Amino acid sequence: MKNLNTYFQEISRIYKLGTATEHTYRPALQQLIESLSPNLKAINEPKRIACGSPDFVVMQESIEIGHIEAKDIGVSLNKTEKTPQIQRYLKGLGNLILTDYIEFRWYVQGELRLTASLATIDKKKNLKADAAGITEVEQLLQQFSLAQTTQARTPKDLAKRMAGLAQLIRDAILTALKDSDRGGMLQEQLQSFQKVLIRDLTKEQFADMYAQTICYGLFAARCNTDNPLTFSRETAAFKLPKTNPFLRSIFSQIAGPELDERITWAVDTLANILQQTDMAEILKEFGKRTHKTDPVVHFYETFLAEYDPKMREARGVYYTPEPVVDYLVSSVDYILKHKFHIPQGLADATKIQITHPNGIGTINTHQVLILDPAVGTGTFIHAIIDYISEKFQTKKGMWSSYVSQHLLPRLFGFELLMAPYTVAHMKLGLQLQESGYDFSSDERLRIYLTNTLQEAFQLTEQVINFGSRIKEEAEAAKEVKQEHPVMVIIGNPPYSGHSVNTGDWITNLLKGKDIIGNTATANYFAVDGQPLGERNPKWLNDDYVKFIRFSQWRIDQTGYGVLAFITNHGYLDNPTFRGMRQSLMQSFDEIYVLDLHGNSKKQEVSPSPDRSPDQNVFDIQQGVAIGIFIKYQNNPGKLATVYHGELWGAREIYEQSQLVGGKYHWLAEHDIGSTPWTKLAPSSPFYLFQPQDVAVRAEYETAAKISEIMPINTVGIVTARDALTIQWTADQVWEIVTDFVSLSPEEARQKYDLGKDTRDWKVELAQKDLRNHPFAHTPDKIGPFKELTIPILYRPFDVRYTYYSGKSRGFHCMPRFETMRHMISANNLGLITSRQQSQNQVWSLIGVTNLLMESSAISNKTREINYLLPLYIYPDTAAEKAMGMTRRPNLTPAFIAEFSKSWV
């Protein structure tokens, strides 16, 4: 009580001066906290505070017990409590006091436990002591100092706590990078990642990657620690498993004694939580693996859901359901045994002689080298190890030597993101430990931190320390990419239509040029030796397509092998992929595609009598398919034989809690050898990987293509921001554009909820477009211009209004002016249709309009993007008009001649 009275007198004295700030009171609060116990220290580090640390970290000897955040006297704690900063603290810090030096609020695990106040402030702004309040504050502070952070007892609880601290670490790193020294060592590490691993890595991505790596590195180290009393941030690097030498080598720099002092407080807090966690209880939960759930990955997804839900959504599904994995793994084993005549299949330990990569002499290597090029959290590698270990149930004594000599040297995985990379190492290390592997060997898990789709490159300058370690990892991965005769490639690559993997090597590889060997190669952008002629072939740039292309290239380099992926099923029949399909048929000898359907975007329904909705094997909208591609040695050069199978219906059917049917049950019970296949005969020009009605094919091909009849055509307008650009009335459009153009870019972004800029649509460029008249010179007037507000067909019989300048990457993302100008020049009609219909029903995608048309005017399904074919073409230039040129039909002379013959 005496110490509190002294504190209150000092606070009152400073307050009366009238010139105090929240910083002025800090020494008094620090003295008060340290007076609670001889062993307490309240540490106040300005550098840490600038990077997001609470004002005080409270230590008891060398153990952190809590944190205090102080605001100026009179600041509303009710409002402060709701700020993002305090919300992050409440998520990440288990023992926290929020105070304005008079009122004290104590939170435990984010929940308000006690509130007490020393005084009140009267109308004259004087502090009036409250005797009962002083006693309550003393009790609150005592309980705060005696509190022990509650142990995390479940994986979910621990994942949530780790996520809260990861947010604090991420934000502290971002702030440090903006500091006067630009982050010091953190900046050097960012540049190392940019030079060696991810060339376009942003500060935000780096901070996220760094924070997650610290969290999962510490977690992996704690899992590997027998005596928790010896665990700390400084000792973590020595506790990481030997199977991950890269993380061991860099961890002392990213979380050890060399860690930037501006973020040590948050990392120490996490280390303290992990030290007090009953890890045996957590790991016991990890062992409860079912066909639907991998607890290690579920833990990671729980973490992501708390840490950054949008990131989890953007990065897609991390866990491939076990029945899908089982089907792929057992199918590859079947192929190796029955088609390549390798009796031990995936467990094969045979070595072969190959030419040395330098071209001089030969070396021995294993025959069955296995790669997962998008390893994620290690699901497929885990399943392969399980599958092989079953063969050793009666030969336990041989397991450790087999693992070190014939298993680890054959299994490879590539992963770009540090967090799943670390989780994969942790999960596979735990699996090997549980299987009885003794870890006496120095053999590492060959899961590498690398970008599969980026060619290995030599640095033009020497990198040292942190950068050199990343380079060593990238060089090891390069050998697998370019030199090892990989025979099996398996996995679940990411699906991303807006791919960020735009490096020169993979971009050229898709288009038929291998810049590593400077040779011509398979070209996805050509078919039958001719360019595709697609105006918007963006789906060929999807990440999963790039992973298939990489894998095809790698097996072509080996000369034989098996590619087994589960991917988006769009490539099976989409016309844009016809060059890809032909290329795959040219590379491989046998192709098996098992369409698992489940495409809710296409509203797929089961062909069963009840026409029930078809379910996906993942929790996603996009339909998926298993593709297995086999290449034999000495390929005779013929096109592959293609086989098709499909699964429809429910994902799971249970009877009395037992899985008895559905796609999961079927996949778990079958492999490629027991799947009913239909042989296809894909042919030019589409090379479809789906069954066709061959009986009507000849008749279909006698008809003229609509694009050959009406050559001027385009897909509809893509605005990129419908809610901003398309309105119900012309007046609403005018009101919005005049307001939008008057705001600053950031004000406009916030007011109209426009989100982040993209490559093809930016707020600033949209505003610039509105200020300039596209068709007239108006030096005395700055737009917008009311005459450019015109009607547009938005949906069937749904005419709305928009502002149309015709400029690409302006107010509209893709206005398609070259064709749409014919719809606004004068009277015209346009035929609306689509290249394909996603539903199995009578063709219905046909319409007519006399207006501009949005790309979903008659169907908003992704695969049914709408095309407009104008009936008339109008002259473009003044010279053409001066010559008396008028409109002409948008019909080719060849069609007119042929049509005329038919009616003579």
Side-chain angles (χ1 to χ4, degrees), residues 320 322-352 365-373 379-388 390-391 406-407 410-413 484-493 547-548 550-567 584-596 625-636 638-647 666-680 689:
T320 309
E322 190 166 321
V324 175
V325 179
D326 287 348
Y327 182 90
L328 282 163
V329 170
S330 59
S331 292
V332 169
D333 188 63
Y334 178 94
I335 291 166
L336 293 176
K337 290 174 178 175
H338 297 279
K339 293 182 178 288
F340 285 91
H341 309 295
I342 299 172
Q344 298 304 313
L346 286 169
D348 181 68
T350 305
K351 289 194 171 184
I352 57 173
T365 184
H366 284 93
Q367 177 177 231
V368 182
L369 299 181
I370 304 164
L371 168 67
D372 183 343
T379 301
F380 281 87
I381 300 294
H382 190 284
I384 289 169
I385 294 173
D386 265 357
Y387 193 88
I388 294 172
E390 289 178 6
K391 299 178 182 294
H406 300 299
L407 183 59
R410 296 192 301 113
L411 295 179
F412 304 97
H484 287 13
V486 174
M487 184 179 183
V488 173
I489 300 180
I490 190 170
N492 174 17
F547 274 89
I548 290 176
F550 160 79
S551 304
Q552 175 189 2
W553 172 85
R554 180 55 266 172
I555 287 177
D556 279 343
Q557 301 305 301
T558 300
Y560 56 89
V562 184
L563 165 59
F565 275 171
I566 180 165
T567 67
L584 290 168
M585 291 178 69
Q586 290 168 337
S587 281
F588 294 95
D589 296 295
E590 294 176 15
I591 296 174
Y592 297 83
V593 289
L594 180 60
D595 193 345
L596 301 180
I626 288 172
I628 300 176
F629 308 83
I630 304 171
K631 182 182 185 71
Y632 299 117
Q633 208 155 13
N634 304 316
N635 183 336
K638 297 179 181 178
L639 290 180
T641 305
V642 180
Y643 299 90
H644 178 272
E646 57 188 344
L647 282 183
W666 191 96
L667 289 166
E669 297 290 321
H670 292 80
D671 61 24
I672 190 173
S674 60
T675 299
W677 298 107
T678 300
K679 187 176 177 180
L680 304 181
F689 285 3

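Predicted model, so just to flag it, every value in this text is computed and none were measured.
In terms of modelled atom types and a separation under 3.5 Å, the side chain of D589 and the main chain of Y632 share a donor-acceptor contact. A donor-acceptor pair is defined here as one N or O able to donate and one able to accept, closer than 3.5 Å; no such pair exists between the side chain of H338 and the backbone of Y334.
Within the 4.5 Å cutoff, no side-chain heavy atoms of F340 are placed close to those of Q633. Using a 4.5 Å cut-off on side-chain heavy atoms (C-beta onward), I626 and L596 make contact. Contact of the I591 side chain with the Y643 side chain is not registered, since no non-hydrogen atoms from C-beta on lie closer than 4.5 Å. Inter-residue side-chain proximity for K679 and V642 is flagged as unmet; no heavy-atom pair is nearer than 4.5 Å. Contact check for I381 versus F412: no side-chain heavy atoms found under the 4.5 Å cut-off. Within the 4.5 Å cutoff, no side-chain heavy atoms of L680 are placed close to those of T641. Considering only heavy atoms from C-beta on, F380 comes within 4.5 Å of L328 through its side chain. Under the 4.5 Å side-chain criterion, counting only non-hydrogen atoms from C-beta, P493 is not in contact with P373.
Summarising the geometry, atom CG belonging to L563 is positioned 7.0 Å from atom CD1 belonging to I548; distances are rounded to the nearest 0.5 Å. Remark: L411 CG to L369 CG distance equals 9.5 Å, nearest 0.5 Å. For the atom pair N492 CG and F565 CZ, the distance stands at 9.0 Å (nearest 0.5 Å). For the atom pair I555 CD1 and F550 CZ, the distance stands at 9.5 Å (nearest 0.5 Å). From N634, atom CG reaches atom OH of Y560 across 11.0 Å, with rounding to the nearest 0.5 Å. Rounded to the nearest 0.5 Å, atoms CG (L371) and CD1 (I490) are 10.5 Å apart.
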Chi angles and distances behind the side-chain contact (heavy atoms from CB on, under 4.5 Å) call for H366, T350: CA-CA 6 Å; H366 284 93; T350 305; over 6 Å; no

Could you walk me through whether F689 and M585 pass side-chain contact (heavy atoms from CB on, under 4.5 Å), step by step? CA-CA 10 Å; F689 285 3; M585 291 178 69; 3.9 Å; yes

Before giving the answer on side-chain contact (heavy atoms from CB on, under 4.5 Å), spell out for L336 and D348 the whole-Å C-alpha distance, their side-chain angles and the decisive distance to 0.1 Å. CA-CA 9 Å; L336 293 176; D348 181 68; over 6 Å; no

side-chain contact (heavy atoms from CB on, under 4.5 Å) between T365 and K351: does it pass, once the steps are laid out? CA-CA 5 Å; T365 184; K351 289 194 171 184; over 6 Å; no

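Note on K631 versus E590: no salt bridge recorded, every NZ/NE/NH1/NH2 to OD/OE distance being 4.0 Å or above.
Annotation: Y592 is not in aromatic contact with H644 [ring centroid separation under 6.0 Å not met].
In this structure, P676 and W666 approach most closely via the heavy-atom pair CD-CZ2, 3.9 Å. When all heavy atoms are compared, the tightest approach of V325 to A383 is CG1-CB, 3.3 Å. Between W677 and T675, the closest heavy-atom pair is CD1-O, 3.0 Å. Residue I628 comes nearest to A564 through the heavy atom pair CG1-CB, 4.2 Å, listed as atom of the first residue, atom of the second, then distance. Taking all atoms of both residues into account, the shortest heavy-atom contact from M487 to V368 is SD-CG2, 4.1 Å. Considering every non-hydrogen atom in both K339 and I630, the closest pair reads CD-CD1, 3.7 Å.
The closest side-chain donor-acceptor pair between Y327 and D671, if any, does not fall under 3.5 angstrom.
A side chain to side chain contact (heavy atoms under 4.5 Å, CB included) with R410 holds for exactly one of I388, V486, V488, L346; it is I388.
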